[in-house]
Amino acid sequence: MNVRRRRRTLLAGLATAALLVSGAGAAAAAGSTAPAPAAGSTAPAPSGDGAQALCKRVPKIDRRIERALKRLDGGVGVRGSVARLQQRVDNAKKAGHGEIATYLQHRLDFRKSLVPTLEQRQKDLVGVKSWCSAHGNGKAAS
């Protein structure tokens, strides 16, 4: 039974490969001028800017940014906050754990850099919201 399964899988794989090769050959024979897709790429190139989808997701994006900023600005008792990680860095330095303190300090630097990035995205999202409301949530042609 195991041999049957292997044979069936092999035949299915060969049939798929043959279809793919014949499809590519037929497109080349038809004089297709479209560039060949990159290796491993199956999605077609975007035809627009995705405004309608973005307009639909604006409320979710806004809530996500708000939650992240609230968490980052939280106190020492809030997991994921800048203050909590700063406390961990201070504790590692007090304990004499230099390597741990360095590692945590790099994480803290990155986490601090997230705050202005998220604030900028929040400002950009306000512009997107107003654009979406003025253009029928991306459905109207601009």
So do L85 and K112 actually touch side chain to side chain, heavy atoms under 4.5 Å? no
Beyond-backbone contact of Q122 with L69, side-chain heavy atoms, under 4.5 angstrom: yes
Is any side-chain heavy atom of V126 closer than 4.5 Å to a side-chain heavy atom of D62? no
In the single-linkage hydrophobic clustering (I, L, V, M, F, W, Y; side-chain heavy atoms under 4.5 Å), do L54 and W131 co-cluster? no
Can you tell me if T117 uses its side chain to pair, donor with acceptor, with the backbone of S113 under 3.5 Å? yes
Measuring from atom CD of E66 to atom CG of L118, what distance do you get when rounded to the nearest 0.5 angstrom? 10.0 Å
Single-linkage hydrophobic cluster, 4.5 Å side-chain cutoff, V115 and V76 together: no
When rounded to the nearest 0.5 angstrom, what is the spacing between CZ in R67 and NZ in K70? 10.5 Å
Counting only heavy atoms not in R111, do more than 12 sit closer than 6.0 Å to its CZ atom? yes
Using 0.5 Å steps for rounding, measure from the CD atom of Q86 to the CG atom of L108. 5.0 Å
Write down the atom of G80, the atom of L72, and the distance for their closest heavy-atom approach. O-CD2, 3.6 Å
Exactly one of E99, R88, K93 clears side-chain contact (heavy atoms from CB on, under 4.5 Å) with L104, and that residue is R88
How many angstroms lie between SG in C132 and CD in Q52, if you round to the nearest 0.5 Å? 10.0 Å
Would you compute the distance between atom CD of Q120 and atom CD1 of I65 and round it to the nearest 0.5 angstrom? 10.5 Å
Take R71 and V78 through the side chain to side chain contact (heavy atoms under 4.5 Å, CB included) test and state the conclusion after the steps. CA-CA 7 Å; R71 183 178 58 244; V78 177; 4.2 Å; yes
Main chain of D73, side chain of S81: is a donor-acceptor contact present, judged purely on distance under 3.5 Å? no
Hydrophobic cluster membership, with links at side-chain heavy-atom distances under 4.5 Å among I/L/V/M/F/W/Y: are L114 and Y103 in one? yes
Going from CZ on R57 to CG on L125, what distance comes out if it is rounded to the nearest 0.5 angstrom? 11.0 Å
Least distance between heavy atoms, G75 atom then A83 atom: C-CB, 3.9 Å
Before giving the answer on side chain to side chain contact (heavy atoms under 4.5 Å, CB included), spell out for R121 and R64 the whole-Å C-alpha distance, their side-chain angles and the decisive distance to 0.1 Å. CA-CA 11 Å; R121 285 186 186 172; R64 179 176 285 167; over 6 Å; no
